[in-house]
Amino acid sequence: MNGRPARPLLVRHRDVERAGGSAGRFHRVSVGRGLVPRLVTGALGTFCVDTTDRVHAITYDDGPDPEQTPPILDVLRHWDAHATFFVLADAVRRHPDVVARIVAEGHELALHGTDHRSLLTLSDAEAVATVRAAKRLVEDVAGRPVRLFRPPYGAHTLRQAVGFRRLGLDLVLWSGDAVDWLDDDAEAVADRAVDAVFPGGILLLHDTRADPETIRPGERLPAFDRAAVLDRLLSRTRAAGFRELTAGELVGRYRRVTSLARQRMVRP
Ligand SMILES: [Zn+2]
């Protein structure tokens with residue numbers, strides 16, 4: 001697409017979840033055109049973009065992690081692929097060497113917050129203040145500006161979203177995941193990741209799980225090889241003709257798909 005991408009498309013969240021069949025056709029299921037103020041659509045998070053081009057973004061949340069991030073970077077290098085890492089400022093402070101490698105190898109560094117607390121537990125002013133401080137810390141460590149933000153759990157209020165935008169942050173969520181926050185066989189996780197890929201999709205993966213304290217009875221924390229999952233994913237998506245863009249490249253080149261995703265906008 002040439003020139004400035006058009007105004008975002010607003011769709012129902014279930015249309016994002018079924019996006020495999022909607023890629024490049026989100027305009028057909030868009031809702032609320034002309035009814036929702038531009039301030040609102042501009043502040044809503046981007047779930048994916050509308051294209052039939054076989055491009056997608058691989059994104060990693062909750063790192064950097066000194067054990068698990070480097071093998072993921074090795075696989076990305078092997079495939080000459082680039083990903084977007086949504087990092088936590090607390091982990092960035094502890095592991096600046098991993099951040100330096102992410103940046104040096106051409107990946108996109110983006111913000112996931114200070115820690116993994118839901119921003120819905122904070123006042124709007126506190127939430128924006130903590131994100132402002134986290135952005136500054138990550139930028140100081142990385143030596144470059146951070147443009148994209150994905151709040152923990154994708155959870156935020158509309159007022160917070162307007163505040164993030166004033167900080168110069170672009171809210172980027174995701175259109176598919178691999179349930180890689182629980183243990184499973186690497187093969188099964190990779191299958192789910194591949195199933196979640198579609199043209200214009202933004203795939204959510206994790207280089208670590210930052211909230212192990214939220215594990216429920218009967219659940220097991222991930223022990224599978226995350227680098228092996230990525231290797232399987234890339235071997236299958238490349239064979240299917242996909243290439244990876246960073247999330248920033250995707251939203252910069254194509255028309256964004258946003259959604260009200262009501263459950264994410266309202267305080268519990
Ligand atoms: Zn997270």
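Values in this document were obtained by computation on a predicted structure and should not be read as measured data. Atoms within each ligand, like the ligands themselves, are counted from 1 in listed order.
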Check Thr69, Val87, Val92 against Val98 for a side chain to side chain contact (heavy atoms under 4.5 Å, CB included) and give me the one that passes. Thr69
Tally, protein N/O/S atoms nearer to the Zn ion (ligand 1) than 2.8 Å: 3
Considering only residues two or more places apart or on different chains, which pairs with a residue in residues 77-89 satisfy salt bridge (Lys or Arg N to Asp or Glu O under 4.0 Å)? Asp74-Arg77, Arg77-Glu105
Evaluate Asp184 against Arg192 for salt bridge (charged side-chain N to carboxylate O under 4.0 Å, His left out), listing each step before the verdict. CA-CA 11 Å; Asp184 205 346; Arg192 287 195 293 269; 2.9 Å; yes
CZ on Phe85 to CD1 on Ile58, rounded to 0.5 Å: 9.5 Å
Counting the benzene-type ring for Trp, do His116 and Tyr153 have ring centres under 6.0 Å apart? yes
Between Asp191 and Arg236, does at least one N-O distance fall below 4.0 Å, as a salt bridge requires? yes
